[in-house]
Each structure stands twice: as structure tokens, then as C-alpha cells.
2 protein chains.
Amino acid sequence: MSDSASIRHDFVQFWGSLGSYWGIPPATARVYAWLISQPQACNADAIVEGLEMSRGAVSMAARELRDWGLVHVERSPGSRQVVYRPETDLELAIRNIVEMRKRREWDPLLARLRGWIGELDGQRSAEAEVFRERLRSIEALVGMADAMAESFLKGGLVQKLGLKVLVASAQRRRGKKEGKR
Amino acid sequence: MSDSASIRHDFVQFWGSLGSYWGIPPATARVYAWLISQPQACNADAIVEGLEMSRGAVSMAARELRDWGLVHVERSPGSRQVVYRPETDLELAIRNIVEMRKRREWDPLLARLRGWIGELDGQRSAEAEVFRERLRSIEALVGMADAMAESFLKGGLVQKLGLKVLVASAQRRRGKKEGKR
DNA sequence: ACGAACTTTCAATAGTTTCTGAAAGTACGA
DNA sequence: TCGTACTTTCAGAAACTATTGAAAGTTCGT
């Protein structure tokens, strides 16, 4: 027990359940977890067997993962079969996810907020004024989040920021570990 | 048209649809948006009428929002009626959300990752080794995200980081606006 | 250009989440 | 303590989302 097969199973299960927090269908998240847990790229059959899901579901999940840049679909030279290779550079993967979410969520939200604020600027009622000020404070915050995301996408953030923060957390963690030994 | 009522309607609708990206039920998100759009705190009846939803749904949404720290439930002194006041300090609201998600998602994920890595440390197969290294890189990244979240929760992040980033984005935005005038 | 080997699509089904509304619960004033 | 004016709960209905599997579409070797 607790061999790598059972750990893989737990990992796949847990990762799948996490997916729902992030708006990723569980089956899709499970496929990604499975691929990460395998040393080499897998073909569709291996996934069908390993995860006990239908061929169609595997194909759907793989397509979605490809859209997110989380797996690469590869075709061996003299074969009709495709194999799925997970993106293991997680920073790259996260960059893809952040970019997609920014485009889908923040950008339209910011655009609409600014539009609404502009319209409310033309109104004199006290009601409109309160509403406008609240929208403004949302805009400021979303704008900041957006700017942070953009900065992350340009590649600087993890290095610039992450480092300082990481040092602190690594120290904290090292402290714990050494206490145990 | 395009008076504050119609803007409110659009805002409520859009905010509700955004909710789904964040795992917040649409009705819950709509109630919050509605409250933000009103100058004073509302009672349940006003929400039932304004959003055309059932009394029960309003109560459920309000309870969830209260759990997230996004609304405050207040009872006027000589009255049985409660009014719902939205938290308008968005930074505080976001802090609450981040804290809750961290506890629900990152903390258990990190704990399990570390457990699995520990178990895989005891195994010699090449397969286990690849898997373990991948889990390690996930752990490093999640650990960093976790540390950033923690730093944000301690109150420093927005000031320390946000400022630099904000300056850049404000300059960019100001540039655009002045171009228009 | 054809047929085999494989992948992708999509209509139907299964499953899950969200919403409703009536019933139960709670807090206040008298 | 009782009745009233409200809120909360929860079982079931409705709406939505995910999954299956058979049919359609692709791609490659010959």
C-alpha cells in the first residue's frame, strides 16, 4: 500500500475535486493530473483505461487542456496515434491560465465598469452619485489586479516578488522540518 | 434611457454572470451587486422585488454573503426587520475571500502534496522519481502562491506591490484619457 | 485514391446544482 | 408568556452541466 499507484489515484482524485473551485470540469482536471503522474506521454487508450472514462470524454478533456496550453498533442512520425504530453513547466501553464482568465473576465469587466462610470457621471441624483463612487472603488481595485496580472504575464512578477516572499516562506518551512529531525 | 436604473440592471446581470467564474452562485452575486447599487441598506422585501427572486433565495444568498464577510446584517432598534448592508471596503472583502479560499483550497492541497512527496521519497522506481519531481515543482509553485496570499492577508501586499504596479497602470490610463480630450 | 486506424463530434442521458415556496423557527413588543 | 412580524430551512422542481457512445470526420501508409 501507498505505492505510487495508490498515490497517483489519490492525486488524480484530489486534483479533480480542486478543479471545481477553478471552473475546470472534474474530468478535465483528472486527465491533467493523470498525465502529470505518468513518466511518459500517454495515448488516449491508456487514459481511458487508467481513469475509466469514455473515449469521447478523454478527447473533450484533452481538447480543453490543449486550449489552456496545459497539454501538447503529439503525433509520432509513422503513426495515426496521438499522444498527450502534459506541460510540466507550471509557471508557463499558469501564465496561460492567467492570460485566458484576464481576457475573459477582467478585461470585459473593466471595460463595462468604465462605461457605466462614464454614464453615471452625467447624472446628478444622490443615488447615482453613491453608486458611481462604489463602481469607482471597484474599478480601482480591479484595475490593480489587472495590472498585477499583466505584470505577471510580462514575466517579471514571479521573479521580482516571488523571490522575497519565497525566501521568507522557505525559512519558515525549513524551521519546521529541522525541528522534526 | 441609460438612467441609473438601467445601469443598475446591467451591473447586476453582469456581476451575476461573473460569479460563475468564481464559484459564487449567480443569485448570490446578483444580490451583492444589487446592494452595492443602492445608496442605503435594503431589507429582504426590497431585494425580492428588485431582483424578482423568492424570499428563500434572498435569505440563502444573504447568509452566504455574510459568511464571506460581504454583507452585514443589521437590525434596527425597535423593529423585527433586518436590513442588509454591503461591505463597500472592497479590499477588506477581498481579504475575506482570499483567506477563505486559502483555507479551503491551498492549505489542504499543500498538506497533501507534502504527504505524497514524503511517501514517494521512500520509493526507488524511475516512475516514482519522475512523479515526485513533478509534485515537487507543483509544491514550490503552490507554496509561493500560498505565501503571497498570506502576505496579502497580513496587509502589506497591496501597499508594497500594488503601488509600483498601480503607478505604471495609472500612467498608461492617463495617457489614453488625455488623448481623447 | 482507398481503406484502416485512429480521433472528434454531438444528441441523448445521467448527474448536479440552484431556486422555489410552504412550513418551521426566532425575536420582539405588550 | 403570547401573538405577530419577520427570517430561515428544506424537500422537491427546474435549470443547468457533464458524460457517454455511436456516427462522422481525419490522417496516414500503400
Side-chain angles (χ1 to χ4, degrees), chain A residues 12-35 41-68 70-86 104, chain B residues 12-35 41-68 70-86 104:
Chain A
V12 164
Q13 224 47 36
F14 189 73
W15 197 258
S17 74
L18 266 191
S20 68
Y21 286 117
W22 290 94
I24 292 163
T28 305
R30 285 208 304 279
V31 168
Y32 184 60
W34 168 268
L35 288 173
C42 293
N43 61 26
D45 280 321
I47 300 172
V48 166
E49 278 190 39
L51 291 177
E52 306 194 348
M53 53 198 291
S54 76
R55 198 154 256 290
V58 168
S59 177
M60 299 285 245
R63 177 228 265 269
E64 189 157 5
L65 287 169
R66 192 177 39 184
D67 291 346
W68 291 80
L70 291 173
V71 307
H72 304 283
V73 176
E74 288 167 1
R75 213 178 273 277
S76 326
S79 159
R80 265 137 293 185
Q81 188 160 252
V82 308
V83 295
Y84 301 105
R85 192 167 54 76
R104 281 208 227 156
Chain B
V12 164
Q13 224 48 35
F14 188 73
W15 196 259
S17 75
L18 266 192
S20 68
Y21 284 117
W22 290 93
I24 293 164
T28 304
R30 285 209 302 280
V31 167
Y32 185 60
W34 167 267
L35 288 172
C42 293
N43 61 27
D45 281 321
I47 300 172
V48 166
E49 279 190 40
L51 291 177
E52 305 195 349
M53 54 198 290
S54 74
R55 198 155 256 290
V58 168
S59 178
M60 299 284 246
R63 178 229 265 270
E64 190 158 3
L65 287 169
R66 192 178 38 185
D67 290 347
W68 291 82
L70 292 173
V71 307
H72 305 282
V73 176
E74 288 168 1
R75 212 177 273 278
S76 324
S79 159
R80 266 136 292 185
Q81 188 159 253
V82 308
V83 295
Y84 301 106
R85 191 169 54 75
R104 281 209 228 155

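Excluded from the calculations below are hydrogen atoms, water molecules and symmetry mates; all remaining heavy atoms, backbone and side chain alike, are included. The chains referred to below are lettered A, B, ... by the order of the sequence lines, with proteins before strands, and numbering in each begins at 1.
Rounded to whole Å, the distance from CG on A/Asp67 to P on C/dT9 is 10 Å. Nucleotide C/dT7 holds its P atom 14 Å from the CD atom of A/Glu74, rounded to whole Å. Summarising the geometry, the separation between CG on B/Asn43 and P on D/dT7 is reported as 7 Å, rounded to the nearest angstrom. A straight line from CD1 of A/Ile47 to P of C/dC6 spans 15 Å, rounded to a whole angstrom. Whole-Å rounding puts the A/Leu51 CG to D/dT20 C1' distance at 15 Å. Atom CE in B/Met53 sits about 10 Å away from atom C1' in C/dT20, given to the nearest Å. Atoms CZ (B/Arg30) and C1' (C/dT18) sit 11 Å apart, rounded to a whole Å.
Among residues two or more places apart in sequence or in another chain, the salt bridge (charged side-chain N to carboxylate O under 4.0 Å, His left out) test is passed with B/Arg55 by B/Asp45. Residues passing the salt bridge (charged side-chain N to carboxylate O under 4.0 Å, His left out) test with A/Arg104: none are found, sequence neighbours excluded.
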Which pairs would a plain distance check flag for residues 47-54 of chain A, meaning a side-chain donor or acceptor within less than 3.5 Å of a matching protein atom at least two apart in sequence or in another chain?
from, atom 1, to, atom 2, distance (Å)
A/Ser54, OG, A/Ala57, N, 3.1

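The nearest pair of heavy atoms linking A/Arg30 to A/Gly16 is CG-CA, 3.8 Å. When all heavy atoms of B/Arg85 and B/Glu74 are compared, the pair lying nearest together is NE-OE2, 2.6 Å. Residues B/Ala61 and B/Ala27 share a closest heavy-atom pair of CB-O, 4.3 Å. Scanning all heavy atoms of the two residues, the minimum distance from A/Pro86 to A/Leu35 falls at CG-O, 3.6 Å. Nearest approach of A/Val71 to A/Ala62, heavy atoms of both residues: CG2-O, 3.9 Å.
Residues A/Tyr84 and A/Val73 have side chains in contact (heavy-atom distance under 4.5 Å, counting atoms from C-beta outward). Side-chain contact check for B/Phe14 versus B/Leu18: some heavy-atom pair is nearer than 4.5 Å.
Over its length, the helix from C/dA1-D/dT30 to C/dA30-D/dT1 turns its helix axis by 30°, as judged from the five terminal pairs at each end, rounded to 10°.
Distances from the side chain of A/Ser54 to the nucleotides C/dT20, C/dT18, D/dG21 place D/dG21 closest. Considering only the side chain of B/Pro25, C/dT18 comes nearest among D/dC28, C/dC6, C/dT18.
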Nucleotides 8-11 of chain D: which of its N/O atoms have a protein N/O under 3.5 Å away?
from, atom 1, to, atom 2, distance (Å)
D/dT8, OP2, B/Ser59, OG, 3.1
D/dT8, OP2, B/Tyr84, OH, 3.3
D/dT9, OP1, B/Arg63, NH2, 2.7
D/dT9, OP2, B/Arg63, NE, 3.3
D/dT9, OP2, B/Arg63, NH2, 2.5

Are any protein N/O atoms closer than 3.5 Å to N/O atoms in nucleotides 2-5 of chain C? If there are, list each pair with its distance.
from, atom 1, to, atom 2, distance (Å)
C/dA5, O4', A/Arg80, NH1, 3.3

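Between the CG atom of B/Leu70 and the CD1 atom of B/Ile24 there is a distance of 7.0 Å, given to the nearest 0.5 Å.
When each of A/Glu52 and A/Arg75 is assigned the nucleotide of DNA chain D with its nearest heavy atom, A/Glu52 is the one assigned upstream, toward the 5' end.
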